[in-house]
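The structure appears below as structure tokens.
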Amino acid sequence: MQGLDGTFRPAGVITLTTDFGLADPFVGIMKGVIASTARDVDVIDLSHEVPPFRAEIGGLWIGRCYRWFAPGTVHIAVVDPGVGTNRRIVCVESPEHLFLVPDNGLAGELTRHLDDWSATVVEAGPLKLEATSTTFHGRDIFAPVAARLAAGSIDPSGLGPATRDLVPSPLPCPRRDAEGVSGEVLLPDRFGNVYTNISGPMPAAWQRALVSIGPHTLRLVRAYDEATSGELVAIFNSFGLLEIAMPRGSAAAAGSWPPGTPVRMHESS
Amino acid sequence: MQGLDGTFRPAGVITLTTDFGLADPFVGIMKGVIASTARDVDVIDLSHEVPPFRAEIGGLWIGRCYRWFAPGTVHIAVVDPGVGTNRRIVCVESPEHLFLVPDNGLAGELTRHLDDWSATVVEAGPLKLEATSTTFHGRDIFAPVAARLAAGSIDPSGLGPATRDLVPSPLPCPRRDAEGVSGEVLLPDRFGNVYTNISGPMPAAWQRALVSIGPHTLRLVRAYDEATSGELVAIFNSFGLLEIAMPRGSAAAAGSWPPGTPVRMHESS
Amino acid sequence: MQGLDGTFRPAGVITLTTDFGLADPFVGIMKGVIASTARDVDVIDLSHEVPPFRAEIGGLWIGRCYRWFAPGTVHIAVVDPGVGTNRRIVCVESPEHLFLVPDNGLAGELTRHLDDWSATVVEAGPLKLEATSTTFHGRDIFAPVAARLAAGSIDPSGLGPATRDLVPSPLPCPRRDAEGVSGEVLLPDRFGNVYTNISGPMPAAWQRALVSIGPHTLRLVRAYDEATSGELVAIFNSFGLLEIAMPRGSAAAAGSWPPGTPVRMHESS
């Protein structure tokens with residue numbers, strides 16, 4: 001096992017998840033620092049369009065996506081409206097992956113998606129980082145620390161003291177009761193599919209399910225092509241999350257379901 | 001010769017063309033799967049902003065752009081509104097390039113731009129792919145198959161049976177007659193240049209040409225700087241396609257020419 | 001010392017800064033040409049959203065950002081509304097970095113940010129480039145030349161004759177007088193921070209500073225969290241540029257400050 005026993009074996013890959021967008025040079029500069037620090041490490045962009053200030057969505061993305069990357073990957077997520085304040089930076093370890101993230105709800109959301117984890121507070125002292133800006137820790141802390149972790153030149157256990165006490169995610173957990181599961185809308189994707197915080201699979205005892213949202217009651221389908229033209233349906237998507245979809249159309253355009261809109265999944269009678 | 005005789009020699013490079021956008025994690029996850037499958041393969045993004053549902057534009061882009069990549073490159077294009085239905089995935093081979101694409105008009109458009117090609121239906125069975133989602137074949141089929149092709153660990157001939165019978169592109173071909181060439185508008189680019197489906201060069205017997213579109217008759221020029229300030233002109237662009245341009249301005253903003261608008265090129269008297 | 005003595009030692013890294021956007025295949029094609037020319041060179045995107053026609057902003061970005069990349073990096077910047085005209089392409093050398101840029105104000109702006117530089121006019125003849133388009137020199141000249149420079153297969157001194165005579169940047173330089181510094185607004189970033197052309201640090205003799213812009217007089221702070229909720233402040237940002245910011249909000253949305261809006265920094269009494 002890697003990670004928890006202090007023997008993380010880096011694969012030489014870093015993923016980046018931020019709210020920086022790609023229009024400004026922020027992401028390119030982070031890659032410059034990584035390449036300068038560890039020339040052979042590869043960087044893969046996961047998303048740079050996390051909604052600004054919604055740190056928990058950054059935690060959701062890496063928590064839902066890390067499994068598609070090789071064991072030994074280091075994942076950076078920077079959604080960090082508190083940069084320059086005393087919010088902590090933590091290194092979360094799962095058995096095969098490392099996550100370098102701010103402790104502002106992002107780490108708290110991430111750990112909900114990990115079966116087994118430990119965390120270390122990143123302290124600048126032991127890393128001998130040069131003077132850092134108060135405005136761009138992605139460049140000054142996250143990038144150089146991740147590069148060294150990904151290259152194997154530092155060990156996560158050397159970053160600082162262990163912690164289990166993370167700032168919790170502001171996202172509510174779905175609530176299971178005798179008749180079904182209650183959750184809420186998170187955000188839409190590019191295709192107008194509306195993601196919720198209810199994760200799959202459907203309870204094994206159920207034959208079929210319906211999903212209620214606002215005035216709609218939708219069938220839970222297994223593939224987009226089970227929908228008729230223009231039909232709103234619910235489906236467990238490729239992230240394992242329940243989504244509201246209108247195949248070959250846009251569910252987001254067919255209704256108004258801002259983040260927080262209640263959603264309920266229940267067995268079909 | 002490579003490809004057609006079953007001796008494709010991979011260069012270790014994959015290009016990606018999709019309608020996924022870059023805001024959501026879809027593209028990053030595909031790169032994670034590729035890196036997990038074949039660590040030394042490099043990935044180059046061609047475009048992730050193909051207009052949703054216009055699969056043929058994905059075929060146009062890779063058909064017009066593949067020549068700028070090294071022989072031995074594997075090109076993925078996923079514009080796939082029918083994901084999860086029984087639409088086929090095909091591997092198209094030109095002598096020096098492989099294309100892994102859905103057979104939904106995208107493959108049909110692509111092959112219009114290839115002088116010589118063969119195609120194989122991709123079947124999951126021989127590839128021993130794990131259980132796939134019904135919603136994200138980019139991650140579950142395209143990425144792992146392309147990674148193995150790009151690394152040389154599988155051969156395109158082993159993917160499934162050969163086929164010549166591809167779903168045709170919905171784009172009309174330009175029509176040549178005695179006096180000129182008739183085509184139509186495809187889409188604008190970032191600079192407001194409006195691309196058409198008429199490809200160059202100008203017929204060799206002509207001295208000069210004019211281009212008619214709506215109420216406009218435009219000069220065909222050889223370089224943007226032949227235009228006077230604010231003049232709409234026509235030019236064969238860097239993709240070899242006739243475009244309507246207003247140098248240092250936006251042709252798209254200077255008129256209304258949605259996809260399908262008729263365009264005619266004729267010799268200047 | 002590298003560069004000025006003709007002994008540039010390439011690190012095998014190229015950065016790209018353009019106004020091409022990422023929706024169209026332009027950037028991907030440039031990367032294809034680079035990979036075809038020099039397979040082991042890595043490419044890092046700095047920004048592809050330089051405002052169209054504002055070449056000087058391209059020069060500003062690479063001039064402000066190059067230091068975060070390894071010595072031996074080759075930086076391409078293509079913001080080139082005059083492509084196909086007789087505007088020159090130049091290779092600017094600082095002691096440890098190369099810059100391949102159009103001489104249209106972009107090179108002039110870049111050199112303001114370099115302590116020591118020389119420049120060479122890039123001539124197609126010695127490079128034996130194949131026939132080039134009149135519309136896409138990024139693909140036909142910048143990419144192949146940069147790839148050879150980054151791979152060490154050509155030397156910058158072999159590109160053409162030396163020059164010191166560059167087209168000047170249209171951006172005014174900030175003006176220092178007895179009481180303060182006068183400058184102007186450049187552009188906003190994704191977070192709504194409004195960048196100016198006044199660079200830091202604050203004059204050493206000052207204790208505190210105020211920044212005047214339109215009807216506002218703002219405190220110059222050292223970190224975003226010194227601002228109270230909803231307060232507009234000024235700060236030297238991670239590029240060393242004075243910016244107008246509203247932490248956890250958008251300064252750009254809180255006022256109207258188009259490019260060129262006057263800004264003045266003065267000591268606080």
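Each chain gets a letter, A, B and so on, in the order the sequences are listed, and its residues count up from 1.
- Contacts between A/Ile44 and chain B at a heavy-atom distance below 4.5 Å involve the side chain alone, from C-beta outward.
- For A/Leu187, no part lies under 4.5 angstrom from a heavy atom of chain B.
- For a residue to count as touching a neighbouring chain, one of its non-hydrogen atoms must lie under 4.5 Å from one of that chain's; by this rule B/His48 touches chain A with the backbone only.
- Contact annotation for A/Asp19: neither backbone nor side-chain heavy atoms come within less than 4.5 Å of a heavy atom of chain B.
- Ring-plane geometry between A/Tyr195 and A/Phe239 is classed as tilted, the angle between the planes lying from 30 to 60 degrees on a 0 to 90 degree scale.
- Counting non-hydrogen atoms of other residues, nucleotides and ligands closer than 6.0 Å to CZ of B/Arg39 gives a total above 12.
- Salt bridge present: B/Asp45 and B/Lys31 bring a charged side-chain N and a carboxylate O closer than 4.0 Å.
- Contact of B/Ala35 with chain A is made through the side chain alone, with heavy-atom distances under 4.5 Å.
- Ring orientation note: the planes of B/Phe20 and B/Phe26 are tilted relative to one another, at an angle of 30° to 60°.
- When heavy atoms are compared at a cutoff of 4.5 Å, A/Leu22 approaches chain B solely by way of its side chain, counted from C-beta outward.
- Ranking A/Asn237, A/Ile235, A/Thr17, A/Val13 against chain B, the residue ahead of the rest is A/Val13, based on heavy-atom pairs under 4.5 Å.
- For chain B, no part of A/Ala245 is nearby; none of its heavy atoms comes within less than 4.5 Å.
- Of the two parts of A/Arg64, neither the backbone nor the side chain holds a non-hydrogen atom closer than 4.5 Å to a non-hydrogen atom of chain B.
- Under a 4.0 Å N-O distance rule, the pair B/Arg190/B/Glu49 does not qualify as a salt bridge.
- Atom CE in B/Met30 sits 4.5 Å away from atom CD1 in B/Ile76 (nearest 0.5 Å).
- In this pair, B/His75 and B/Phe99 present their aromatic rings parallel. The plane angle is below 30°, not in the 30 to 60° band.
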